[in-house]
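The structure appears right after this line, and notes come after that.
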Amino acid sequence: MKISTVVVSMFETNCYLACDEFTGKCAIIDPGDEPEKIFSEIEQLNVTPEVVLLTHGHGDHIGAVVEMIHRYKIPLFAGDGEETLLSSPERNMSAAVGLPIICPPPKMYLKESDKVKVGNISFSVISTPGHSPGGVCYLHENILFCGDTLFYGSVGRTDFPGCSHEQLISSIANKLMNLPDSTKCYPGHGPATTIGYEKKHNPFLQGGGKYV
């Protein structure tokens, strides 16, 4: 799998293009804003988008969804439990910055262990609520797209509507930390990391820490 990162919006959200090098098909993960920037990267890579995958429904991750699904005529998938965030600018926090966003209903709300196939790539869905009610991660072999669940040296904020710090830490400890140490994690903001590194160094997993 080839991964291209497009950093968008004033929140520096990582939009990922996860591409199957054999078929040229790709998933657009968390298109948060600046659709033209994402379009340009897709054209440069010469790949064919097959689906938009959301790790969660906060405004900084959904701002360019409409443009993606309309241009490429592709379905949208999101985690089960994100319905309110996708439909409410107040709940997804976009109204708070004066840029209200409403996301169209997904073709499917994904649950734990669901599979999404893109070309020869099969993503397994891991339900990781906490930063949002229906947050999910997408796993393919040793690559994890973890949204705002887990960051390099930190974890997602839990001071938004529908968040739970206890639930977030439980999701990380009981699901993500059970993955092999070599698993490479691509978060919603900031640099990539690995499960092994976070086990040893993430202060939130050692009983302390501050949000990034």
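Taking every heavy atom of both residues into account, P187 and L150 meet most closely at CB-O, 3.3 Å.
Residue pairs meeting the side-chain hydrogen bond (donor to acceptor under 3.5 Å, both in side chains) criterion with at least one member in residues 91-106, sequence neighbours excluded: N92-S94. For residues 59-70, the set of pairs meeting the side-chain hydrogen bond (donor to acceptor under 3.5 Å, both in side chains) definition, not counting sequence neighbours, comprises D30-H61, D60-H189, H61-D148, H61-H189. The side-chain hydrogen bond (donor to acceptor under 3.5 Å, both in side chains) contacts involving residues 99-112 comprise E112-K175, where partners must be two or more places apart or lie in separate chains.
Aromatic ring orientation, H201 versus Y197: tilted (interplanar angle from 30° to 60°).
Applying the 6.0 Å contact sphere to CG of N174 captures more than 12 heavy atoms from other residues, nucleotides or ligands.
By the 4.5 Å heavy-atom criterion applied to side chains, L144 and I126 are counted as neighbours. For the pair P106 and L86, the minimum side-chain heavy-atom distance is below 4.5 Å. Side-chain contact check for L53 versus F123: some heavy-atom pair is nearer than 4.5 Å.
In this structure P191 satisfies the side-chain contact (heavy atoms from CB on, under 4.5 Å) test together with Y152, sequence neighbours excluded. With sequence neighbours left out, the ring pair (Phe, Tyr, Trp, His ring centres under 6.0 Å) criterion links Y16 to F145, Y186.
Using modelled atom types, one finds a donor on one side chain and an acceptor on the other under 3.5 Å when comparing S132 with E82.
At distances below 3.5 Å, at least one donor-acceptor pair connects side-chain atoms of N14 with backbone N or O atoms of G190.
Under a 4.5 Å side-chain heavy-atom cut-off, the cluster of Ile, Leu, Val, Met, Phe, Trp and Tyr residues that includes V7 has no other member.
To the nearest 0.5 Å, atoms CD1 (I195) and CD1 (I172) are separated by 9.0 Å.
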